[in-house]
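A quick write-up on the structure given underneath.
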Amino acid sequence: MNDEVLTGLQQELRRGTVVLACLALLARPQYGYALQETLAAAGFAVDGNTLYPLLRRLEKQGLVTSEWNTDDTRPRKFYVISAAGRDTLHGLRAEWRALDTAITSLEGAR
Amino acid sequence: MTSLTDRYLYAVTRRLPMDVRDDVSRELRTTIEDTIDARSTDAPREIAERQTLIALGDPERLADEYRGGPRHLIGPVVYPHYVRLLKLLLLIVPPIAGVLAGLGLAVEGEVTVGRVITGVGGAMLTAALQAAFWCTLGFAIAERTGAVDEWANRPWDPDLLEEEPGPRQVGWGDGVFEICLLLVLLVLLVVGHNPLVPAADGTQVPLFGPVPAGLRAGLAIVVAAALVLAVWILVRGRWSYPLAVVNLVLNVAFAAGAWWLLLGGSLITDDTRSAIGGTVPWDSVDLALRVTAAVIVVISVWDTGSGFVKAHQAQTLVRND
């Protein structure tokens with residue numbers, strides 16, 4: 001029973017940080033499937049049904065831009081971080097570091 | 001025969017807006033095929049395809065994600081208010097419609113118990129459905145046009161807090177229902193419909209004999225008085241001992257009057273019985289009349305007792321204020 005609760009909460013935690021992870025990776029243009037693989041390899045496993053709609057939301061919010069690439073037999077949509085996205089990434093990284101510091105100090109001040 | 005992937009893409013994109021449908025379909029197809037390629041290294045292609053689609057999950061939910069969240073007619077922010085308004089409307093509107101229908105029938109003249117039930121019942125049901133429909137539609141429109149979002153974002157003000165209401169003994173729903181019942185009974189007594197039934201010799205005879213005029217008027221006055229009492233108690237919210245005594249008197253008068261009416265012999269006279277003939281099981285009819293009279297007495301006794309109990313409870317409520 002505790003396992004389920006833990007898994008659920010861990011998912012919540014990851015859900016809150018998947019945008020940060022994506023923006024960090026999209027410094028270089030990437031496409032959907034490759035992005036998922038890279039995230040997984042780096043230790044950040046995300047479901048496809050979360051990641052792919054998320055990329056479109058980020059595009060709608062202006063944090064990434066997309067471009068169709070028809071070089072291969074399969075057409076691929078590449079996403080890359082935009083200027084606004086870089087600013088946002090900056091802000092999110094700062095927030096991440098602040099949270100890390102806060103939690104560490106909370107644990108320390110027992 | 002289309003492949004699983006084709007059918008999956010159709011399921012995901014068919015309810016998406018036109019402008020993104022093709023784009024999502026193209027991108028998702030490539031992504032699925034890339035994933036299948038990766039899995040195909042240690043599984044046959046069909047199984048890899050199946051695993052990929054299972055990992056992506058229900059196409060309807062994926063479509064929800066692409067669209068930006070699940071759809072609803074009336075959202076969670078405003079739903080409690082919708083339910084409250086709906087309940088209020090259903091308590092107020094159908095009884096009013098029923099009363100109006102009942103009065104309309106009384107004015108019309110041709111009143112039978114069957115017509116009262118279908119007429120009043122039909123009016124109440126129609127009114128209830130109309131109220132529910134327009135209420136729902138109004139809220140749905142507010143949700144769609146974004147009016148709800150504007151309203152939801154207004155700053156909360158502590159001045160909006162309501163006082164806790166004093167304890168009520170009679171709920172509005174019960175009270176209104178009882179009033180409607182009494183009204184229907186009053187209409188029936190006042191109009192005094194006398195149905196025509198076929199007699200043995202082929203003619204039509206009125207079923208009920210000439211009831212002593214004073215009896216009918218007396219019963220009508222008692223029911224009218226009970227109606228006034230019910231309204232008074234509903235508005236007041238609580239019983240009291242004097243009101244319980246009035247209730248006792250009215251119940252006794254009604255039970256006595258009903259007993260006399262049903263079992264006094266003048267309801268269905270001997271002449272009428274012989275005119276209608278022996279095909280009717282008169283013993284059963286008499287038994288039914290006696291049972292009805294007994295039930296009325298039992299209800300009257302219970303109602304009187306209940307009135308006094310509530311009056312007593314009201315006293316304790318007052319002391320605790």
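Letters A, B, ... are given to chains in the order of the sequence lines, protein chains preceding strands, and every chain is numbered from 1. Quick note: numbers below take in every heavy atom, side chains included, and nothing from hydrogens, waters or symmetry partners.
Residues B/Asp34 and A/Arg74 have side chains in contact (heavy-atom distance under 4.5 Å, counting atoms from C-beta outward). Between A/Trp68 and B/Glu27, some side-chain heavy-atom pair lies under the 4.5 Å cut-off.
Both the backbone and the side chain of B/Asp23 come within contact range of chain A, with heavy atoms under 4.5 Å apart.
Other residues, nucleotides and ligands contribute more than 12 heavy atoms inside 6.0 Å of the CZ atom of A/Phe78. Heavy-atom contacts from other residues, nucleotides or ligands closer than 6.0 Å to CZ of B/Arg14 number more than 12. More than 12 heavy atoms of other residues, nucleotides or ligands sit less than 6.0 Å from atom CZ of B/Arg45. When the shell of 6.0 Å around CD of B/Gln51 is examined, it contains more than 12 heavy atoms from other residues, nucleotides or ligands. Within a 6.0 Å radius of CZ in B/Arg50, no more than 12 heavy atoms belonging to other residues, nucleotides or ligands are found. The number of heavy-atom neighbours closer than 6.0 Å to CZ of B/Arg154, taken from other residues, nucleotides and ligands shown, is above 12.
Note that OG1 of B/Thr31 is 9.0 Å distant from OH of A/Tyr31, once rounded to the nearest 0.5 Å. To the nearest 0.5 Å, the span separating CD on B/Glu65 from CZ on A/Arg56 amounts to 13.5 Å.
Between B/Ala38 and A/Tyr33 the shortest heavy-atom distance is CB-OH, 2.8 Å. The two residues A/Asn49 and B/Leu56 make their nearest non-hydrogen contact at ND2-O, 2.8 Å.
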